[in-house]
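We count ligands from 1, going down the list as the structure has it; atoms in each ligand are counted the same way.
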Amino acid sequence: MAERIWLYDTTLRDGAQTQGVDFGAADKLRIAKELDDLGIDYIEGGWPGANPTDEAFFASPPTLRRARLCAFGMTRRSGRSAANDPGLVTLFQARTPVITLVGKSSARQAEGALGVTREENLAMIADSIREALRHAEEAMFDAEHFFDGFKDDPGYALACLEAALEAGARWIVLCDTNGGTLPHEVETIVAKVAQRIPGERLGIHTHNDTENAVANSLAAVRAGARQIQGTLNGLGERCGNANLVSLIPTLKLKLGYEIGVTDEALRHLTHLSRTFDERLNRTPNRHAAYVGASAFAHKAGLHASAVAKSPCFYEHIDPALVGNSRDILVSDQAGRSNLLFRFAEMGLDVDPDPEQTAELLAVIKDREARGWAYDGATASFELLVRSTLGQVPHYFDLVSFRVIDERRFNARGELVTTSEATIKVAVGGRNYYTVADGNGPVNALDHALRQALAETYPTLETMQLVDYKVRILTPEKGTAAVTRVIIESGDAEGRVWQTVGVSGNIIDASYNALHDAIIWKLYVDRARAPGA
Ligand SMILES: CC(=O)SCCNC(=O)CCNC(=O)[C@H](O)C(C)(C)COP(=O)(O)OP(=O)(O)OC[C@H]1O[C@@H](n2cnc3c(N)ncnc32)[C@H](O)[C@@H]1OP(=O)(O)O
Ligand SMILES: CC(=O)C(=O)O
């Protein structure tokens, strides 16, 4: 039977330490659920008490189906008991089933960075793990600077691990904190540790400072470690952490380990990875292993010709296993398969005939070439497909809109900027003309449009804008750049959906995304209505 590897995701903690990444609490909840669906065993939600986002996240934590939620913190401070350490007390109040504590496992770091004796550091580790186990079902020890510490003084580094183990830690995680250790060193050192601590208790946490985070994780597994820590798309401090999106298919498809990710979940990996980037407002890396748009794209003539005979001539796995698709411009058949796969991936229940599929392919390719991106906007994609198939009713016509921004001093002498939108729409043969204010032009436009539609479509009242993201697609054009807007909307039924709009004018792009958001809501309300 295949050996089990446990996956520990730290996207929401070490990933939040990525320069330029700033999760909100709502982002964290969504990501935690996606990781749970993927089949991750442990999800580190953040550091309770470290910042308002993590406080909000742990105050209303996600309900997970199978993953265990972990709260992260550090060992007690010197000169305090673990029970009275304010940082630990806040951590315990999160009441998570798992607590992960980072502590020094290098004498140089303990003495130099913390200013404590070697003995006090051992006591800080043991006391904190013991106290954590009074509040959580499981405690883990992240042995910070382990590999550098081991190279300096192996006896002391091992003593730190054993202090945590004897205090009851379920997992001892060896951290290559500075990311400078190479795969052959990791394999040798982990093999030595595994002579003292069983591999089923050992984890590995690597950083990508030499582009070896994934290789180092695999080296540790070869030497016996059975838990891997990493992040989605390799987010993390400095150059990032080990990329779980690369590790998961490697562990499952190439090394044959048993992991919590099912074959079915693996087929959603590409979608998950790209949607995650869209959520962070980052362009997905085309060249990402397994999931990048170019990972199975064949450009060279020799490759394309051989792939047409048998894809395995130039592909290391079947791209469908990870939800990716082959990109070769050799036949209509290839394009059709790609599209049908995409429908299945997005859970879209449609069955177009070959002529409609060809038309859809042309429309989608043209749109994507002009900047629309549907990976993070499945509601817009569904509307595009259903509209092309003639399944979406005509709900309203926009006659015109105008948005005015005004910056002025108010009666109290304060500088304020206000927005006002006027809109004219035709609904069922009647014209509606409304005016609304907002804290910004899109907000004003949203209010005006929904007011105009409220009489005919009262369910729109329960709809709200949850998130709004803007991406500049042609930055070289400066203020004349093309803009892509992604809007996330929600409603009282708990549905959340994403739509996209593209235009050279940011308000126009926002209107397009808003329009899709409203039409999708009306379509879904009608489709799910009794008797529909
Ligand atoms: C390797 C890693 O990535 S570990 C995770 C690192 N992540 C983060 O730091 C992000 C979240 N951190 C924070 O929000 C803040 O640093 C907090 C709230 C945790 C602490 O903030 P502050 O109390 O202002 O401390 P600050 O960040 O300046 O310094 C860390 C302090 O913790 C001490 N410390 C560091 N590691 C440990 C440890 N493992 N055990 C005990 N004390 C530690 C340091 O000695 C320092 O103490 P000092 O204030 O007496 O000098
Ligand atoms: C714990 C951790 O994030 C590190 O040592 O890198």
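By the 30° and 60° cut-offs, the orientation of the rings of His135 relative to Phe92 is parallel. Under the 30°/60° scheme for interplanar angles, the aromatic rings of Phe72 and Trp47 are found to stand perpendicular.
Under 4.0 Å from any atom of ligand 1, one finds heavy atoms of residues Arg13, Gln17, Trp47, Ala50, Phe72, Met74, Thr75, Arg76, Arg77, Val102, Gly103, Ala113, Leu114, Met124, Glu144, Thr177.
Short contacts between ligand 2 and Thr177, defined as distances under 4.0 Å to a heavy atom of the residue, involve ligand atoms 4 (C), 5 (O), 6 (O). Shown in contact with His207 at under 4.0 Å from a heavy atom are these atoms of ligand 2, numbered in order with element: 6 (O). Taking every heavy atom of Glu144 and a limit of under 4.0 angstrom, the matching atoms of ligand 2 come to 5 (O). Taking every non-hydrogen atom of Arg13 and a distance limit under 4.0 Å, the qualifying atoms of ligand 2 come out as 1 (C), 2 (C), 3 (O).
Nearest protein neighbour of atom 2 (C) of ligand 2, counting heavy atoms only, is His205 NE2, 3.3 Å.
Looking at Asp142 against ligand 2, only its side chain comes within 4.0 Å, counting heavy atoms. Under 4.0 angstrom from ligand 2, there are no non-hydrogen atoms of Gln229. When non-hydrogen atoms are compared, ligand 2 lies under 4.0 Å from neither the backbone nor the side chain of His145.
Around CZ of Arg222, the count of heavy atoms belonging to other residues, nucleotides or ligands within 6.0 Å does not exceed 12.
Arg471 and Glu278 are joined by a salt bridge, as a carboxylate oxygen and a charged side-chain nitrogen come within less than 4.0 angstrom of each other. Between Asp85 and Arg77 there is no salt bridge, since none of the side-chain N atoms of the basic residue sits less than 4.0 Å from a carboxylate O of the acidic one. Look at Arg30 and Asp467 and you find no salt bridge, because none of the NZ, NE, NH1 or NH2 atoms lies under 4.0 Å from a carboxylate O. Between Asp54 and Lys28, at least one side-chain N (NZ, or NE/NH1/NH2) sits under 4.0 Å from a carboxylate O, which counts as a salt bridge. A salt bridge does not link Arg170 with Glu137: every distance from a Lys NZ or Arg NE/NH1/NH2 to an Asp or Glu carboxylate oxygen is 4.0 Å or more. Ion pairing of Arg76 with Glu120 is present here, as a side-chain N (NZ or NE/NH1/NH2) and a carboxylate O approach within less than 4.0 Å.
Proximity of the aromatic rings of His205 and Phe147 is defined here by a centroid distance below 6.0 angstrom, and this criterion is not met.
Residue contacts with ligand 2 leave out Glu237, since none of its heavy atoms falls under 4.0 Å from the ligand.
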